[in-house]
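We use all heavy atoms of the structure for the numbers below, so side chains are in, but hydrogens, waters and symmetry mates are not.
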Amino acid sequence: MNTEIAVLRETVARLHRELTRYDLVAWTSGNVSARVPGQDLMVIKPSGVDYDDLTADTMVVCDLNGVVVDGGGSPSSDTAAHAYVYRAMPEVGGVVHTHSGYATAWAARGEAIPCWLTAQADEFGGEIPIGPFALIGGDDIGKGIVSTLSGHRSPAVLMRNHGVFTIGRDARAAVKAAVMCEDVARTAHLARALGQPLPIAPADVDALHDRYQNVYGQRPSSG
C-alpha cells in the first residue's frame, strides 16, 4: 500500500475516536470510511472491533465493490452501502454511519427534521431528510442514501428504523455532519417537547446556508 493509503488509514482510525467522544455510537456500532483520491479504493473500519482497539493497522482497504484488497480483518457490515455511495457520488470523499440517540429516534418515527434552527440551515441547508427502510448487508442502504441525498443540500440522511448516514468531501467533513446532525436532532426534540417550534423562512435558510458555506471561517490568504 502506498503512503497516501497509509495516511488515510491513520486518519480514519483517528476519526473513529470522534464518534465515541461525541457519544454517537455504542459498543462496536457505527463506522467511518474514506475514499482514496484518484483510486477506486476506500478505507473503512473492521467489523465488530472495539473502538479502543482500532488502529491504522486494523483499518481495511476495499475496492469500490466492497472487495477487500488489504487488511487482515473483515470490513464493516455497512461496506456495501459505503461502496455504493462512492460509486454513485464521485464528489463524496467520506461516509459515516451512527446510531446516535436523538437522530435515530427521528429515524424510528420515519420523520425528517424540519429546519427550525439557524445552525441547521448553516450545515444542512434545510430539513434533514428521511430515507427508506433497507436491510443491512447489501447495497440497498446505499441506494437509499443516494436517492435521498441526490440533489439535496443536506449531507445527512436519517435511514428509517436504522440510523444516520452522512457524507462529506472527506471523512472529517462527514464526521462533522454526524456530530451536527445529533446536536440538531436533540435540540429539535426538546423544542417540540415545549410546543410547536417556529419555522425559518426559506429565503433566510438559503442566506444562512450560503454564508456558512462560503463566508464563515478562515479563508486562504491571497498574499
Side-chain angles (χ1 to χ4, degrees), residues 5 8-9 12-13 15-16 19 24-37 39-51 54 58-101 103-112 128-152 154-171 173-175 177-178 181-182:
I5 292 176
L8 267 184
R9 292 176 87 147
V12 172
L15 285 171
H16 279 91
L19 302 189
L24 303 184
V25 294
W27 201 240
T28 62
S29 70
N31 39 73
V32 178
S33 73
R35 183 197 296 270
V36 179
Q39 302 183 52
D40 289 334
L41 298 172
M42 65 177 183
V43 177
I44 193 166
K45 170 181 175 284
S47 178
V49 175
D50 289 346
Y51 276 81
L54 295 179
T58 62
M59 295 300 107
V60 184
V61 182
C62 298
D63 68 19
L64 297 191
N65 290 304
V67 177
V68 174
V69 298
D70 188 65
S74 299
S76 165
S77 59
D78 293 302
T79 295
H82 289 240
Y84 186 91
V85 172
Y86 289 127
R87 293 198 307 272
M89 305 179 81
E91 72 278 13
V92 171
V95 179
V96 171
H97 172 47
T98 78
H99 299 154
S100 59
T104 301
W106 287 83
R109 286 180 49 83
E111 185 176 356
I128 299 175
I130 189 77
F133 176 79
L135 293 176
I136 300 168
D139 58 13
D140 285 348
I141 291 174
K143 291 176 180 176
I145 295 166
V146 171
S147 65
T148 305
L149 293 185
S150 293
H152 204 293
S154 175
V157 55
L158 311 175
M159 293 297 287
R160 185 167 68 83
N161 301 106
H162 186 170
V164 181
F165 282 84
T166 60
I167 58 175
R169 66 184 178 277
D170 55 29
V175 169
C181 181
E182 178 63 6

- Side chains of T148 and S154: does their closest heavy-atom pair fall under 4.5 Å? no
- Within-4.5 Å side-chain heavy-atom neighbours: V68 and C62: yes
- Item | T98 side, atom OG1; F165 side, atom CZ - distance, nearest 0.5 Å | 9.0 Å
- Message: For a 4.5 angstrom cut-off between non-hydrogen side-chain atoms, does V96 reach V175?
- Response: yes
- What residues form a side chain to side chain contact (heavy atoms under 4.5 Å, CB included) with R87, not counting sequence neighbours? L64, N65, A83, Y84, D139
- Is there a donor-acceptor pair closer than 3.5 Å between any side-chain N or O of T166 and the backbone N or O of A174? yes
- Task: Using the test side-chain hydrogen bond (donor to acceptor under 3.5 Å, both in side chains), find all partners of H162 that sit at least two apart in sequence or belong to another chain.
- Result: H97
- Message: Tell me if a side-chain donor or acceptor on K45 pairs with a main-chain N or O of L54 at a distance below 3.5 Å.
- Response: no
- Message: So which atom in I128 and which in A156 form the shortest heavy-atom distance, rounded to 0.1 Å?
- Response: CG2-O, 3.8 Å
- Between Y51 (side chain) and A26 (backbone), is there a donor-acceptor pair under 3.5 Å? no
- Query: Under 3.5 Å, side chain of S29 to main-chain N/O of V25, donor-acceptor pair present?
  - Reply: no
- Task: Test S47 against V60 for side chain to side chain contact (heavy atoms under 4.5 Å, CB included), laying out the working first.
- Result: CA-CA 9 Å; S47 178; V60 184; over 6 Å; no
- Item | Stepwise side chain to side chain contact (heavy atoms under 4.5 Å, CB included) check, M42 with V95 | CA-CA 10 Å; M42 65 177 183; V95 179; over 6 Å; no
- Task: Taking the side chain as every heavy atom from C-beta outward, state whether V164 and E182 have any pair of such atoms under 4.5 Å apart.
- Result: no
- Flag, side chain of R160 to backbone of I130, donor-acceptor distance under 3.5 Å: no
- Please assess V12 against I44 for the test side chain to side chain contact (heavy atoms under 4.5 Å, CB included), listing each intermediate value before the final yes or no. CA-CA 7 Å; V12 172; I44 193 166; over 6 Å; no
- Message: Quick check: closest heavy atoms across A107 and L158, and the distance to 0.1 Å?
- Response: CB-CB, 4.0 Å
- Task: Assess whether side chain to side chain contact (heavy atoms under 4.5 Å, CB included) is satisfied between R9 and T58, documenting all intermediate values.
- Result: CA-CA 8 Å; R9 292 176 87 147; T58 62; over 6 Å; no
- Task: List for me each residue that meets side-chain hydrogen bond (donor to acceptor under 3.5 Å, both in side chains) alongside N31, sequence neighbours excluded, and say none if there are none.
- Result: S76, D78, H82
